[in-house]
Structures are given as structure tokens and as C-alpha cells.
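Working notes, structure below.
Note: hydrogens, waters and symmetry copies are ignored here, and every other heavy atom, side chains too, is used. Along the sequence shown, the residues carry numbers beginning at 1.
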Amino acid sequence: MDFGSFENTIDKNIETDKASDKFDQQLQAYKDAGNSLTSAKSELEKAASTLLEAKDNLNKATDKADNVTKAIDSFIVKVRDIRFKAKVDDADIEKLTDDRKKLIGDEFKLLEDHRKANKEILTRHFYDMSNMMSRNEGVWLSNGWVKTLLWIFIPSIIYTIASVVYLICHL
């Protein structure tokens, strides 16, 4: 018996089995890929049909919107064509003119009365101020003095308030 040839035959059988297993794995992978492609194709066909259906619905909606727009346009044209005819008597126009003139006259009188009242108030104020100054009553400060006193008193008041708040908070 030739063990070498027997060993070679066994090695070839092992290699054949390995190649057969690899081929079976590749064949199974091709079948799985084919199944995946088939399911993807069916999903794409479903998506295409859904898109076509959506397109048809959109076309229907567009047609309806066009019809509504045309109806609105025709209604606007009809409304623009409506004419109102009115006749106003000359007596009514004269009465309206008289009422307008009366209103203007009343407004003018009201404004004139207001101007007179303001003039009286200002005149009285002027005389009151003149009398106070002639009697040396009141305190009169120039703008410069007012600014100087404000620059002195405002920081003092702020410091005093801050000190009181500080003392109250820390007691």
C-alpha cells in the first residue's frame, strides 16, 4: 500500500471540502444579496407608486386651487362692475355746507377762548411773580448755582442712603 498517495488523496479531499464549503458560503451570500435586491426593488416600486399617487393628488389640488382662483377673479371683476347711483339734492348739499361752516366757526371760537384763557393765566402769573420779587419773597437761584448745589447734594444724599442701608443690613 502507498501511504503517500493515500495522504495526497486525503489532502485533496480536505481541500475540495474547504473549496466546496467556501463555494456554498458564496452561493448563500449571492442568494441573500439577490433576496435583498428583490425586496429593495419591491420597496422602490412601492415608493414610486406612492410618489405617483402623491403627484396625482398634488395635480388635483392644483387644479382645484386654479378653479378657486379663477372664481375669485371673476367675482372681483363682477364687484368692480357694480355701480352705485345716488342723487343728492341741492338743499342737502347746502345744509351740509352750512353745517361745515358752523363747525369751523365753533372751532374757531373755542380756540380763541382757549387763547384768551391762556393769556389771562400767563398775565396773572407774570404779575404774581413781579409782586413776589418786589417784596423780596422766595429764593431765586441762577442756573450755575443750581448745578453747583446739585453736584454737592446728590452725592451726599446717595452716600447717606447707602450708609443707612449698609447699617440696616449688617445689624
Side-chain angles (χ1 to χ4, degrees), residues 1-89 92-93 95-97 99-100 103-104 106-108 110-111 114-115 118 121 139-171:
M1 262 200 163
D2 187 17
F3 287 110
S5 115
F6 184 64
E7 187 178 352
N8 284 340
T9 306
I10 290 174
D11 287 341
K12 285 183 183 177
N13 283 343
I14 291 173
E15 285 178 22
T16 305
D17 286 343
K18 284 182 183 178
S20 175
D21 288 343
K22 197 180 268 185
F23 178 76
D24 287 343
Q25 288 174 353
Q26 286 179 348
L27 183 63
Q28 185 61 37
Y30 286 139
K31 286 180 182 179
D32 291 343
N35 290 338
S36 295
L37 283 174
T38 304
S39 69
K41 179 183 173 188
S42 67
E43 291 298 321
L44 283 174
E45 288 172 353
K46 286 179 188 177
S49 68
T50 304
L51 283 175
L52 286 174
E53 187 177 322
K55 179 188 164 207
D56 292 339
N57 289 338
L58 184 60
N59 285 336
K60 288 177 186 176
T62 304
D63 291 341
K64 287 180 182 179
D66 287 341
N67 291 338
V68 168
T69 303
K70 288 176 185 175
I72 290 172
D73 286 341
S74 67
F75 180 73
I76 289 173
V77 168
K78 287 179 184 177
V79 168
R80 285 184 181 157
D81 289 340
I82 295 174
R83 299 285 179 224
F84 291 103
K85 294 181 181 180
K87 186 175 180 181
V88 180
D89 290 336
D92 291 337
I93 291 177
K95 184 176 186 242
L96 182 62
T97 304
D99 289 343
R100 184 177 60 94
L103 178 66
I104 290 171
D106 291 345
E107 187 176 353
F108 181 76
L110 182 67
L111 288 173
H114 182 69
R115 186 187 65 78
N118 277 344
I121 291 170
V139 176
W140 300 97
L141 299 173
S142 67
N143 288 340
W145 275 105
V146 170
K147 289 177 186 175
T148 303
L149 291 175
L150 283 176
W151 280 108
I152 292 171
F153 288 132
I154 289 178
S156 300
I157 291 171
I158 291 173
Y159 178 75
T160 304
I161 291 172
S163 298
V164 169
V165 169
Y166 179 78
L167 286 174
I168 290 173
C169 290
H170 287 87
L171 286 181

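Here the side chains of Lys41 and Glu45 are in contact, with some heavy-atom distance below 4.5 Å.
To the nearest 0.5 Å, the span separating CG on Asp63 from CG on Leu58 amounts to 9.5 Å. Going from atom CZ of Phe108 over to atom CG of Leu103 covers 14.0 Å, rounded to the nearest 0.5 Å. In this structure, CG in Leu149 is found 10.5 Å from CD1 in Ile154, a value given to the nearest 0.5 Å. Separating the CG atom in Leu96 from the CG atom in Asp89 is a distance of 13.0 Å, to the nearest 0.5 Å. Distance check: Asn57 CG to Thr62 OG1 gives 10.5 Å after rounding to the nearest 0.5 Å. Atom CD1 of Ile158 is separated from atom OG of Ser163 by 11.5 Å, given to the nearest 0.5 angstrom.
With sequence neighbours excluded, the residues satisfying side-chain hydrogen bond (donor to acceptor under 3.5 Å, both in side chains) with Arg115 are Glu112. Glu43 pairs by the salt bridge (charged side-chain N to carboxylate O under 4.0 Å, His left out) definition with Lys46, not counting sequence neighbours. For His170, the side-chain hydrogen bond (donor to acceptor under 3.5 Å, both in side chains) criterion is met by no residue, not counting sequence neighbours. Under the rule for a side-chain hydrogen bond (donor to acceptor under 3.5 Å, both in side chains), the partners of Asn118 that lie at least two apart in sequence or sit in another chain are His114. With sequence neighbours left out, the side-chain hydrogen bond (donor to acceptor under 3.5 Å, both in side chains) criterion links Asp32 to Gln28. The salt bridge (charged side-chain N to carboxylate O under 4.0 Å, His left out) check on Lys70 picks up nothing, with sequence neighbours excluded.
Closest non-hydrogen pair, Asp92 versus Val88, comes out as CB-CG1, 4.0 Å. Closest of all the heavy-atom pairs between Ile152 and Pro155 is O-CD, 3.6 Å.
Annotation for Glu107: atom CD does not count as buried by contact number, only 12 or fewer foreign heavy atoms lying within 6.0 Å.
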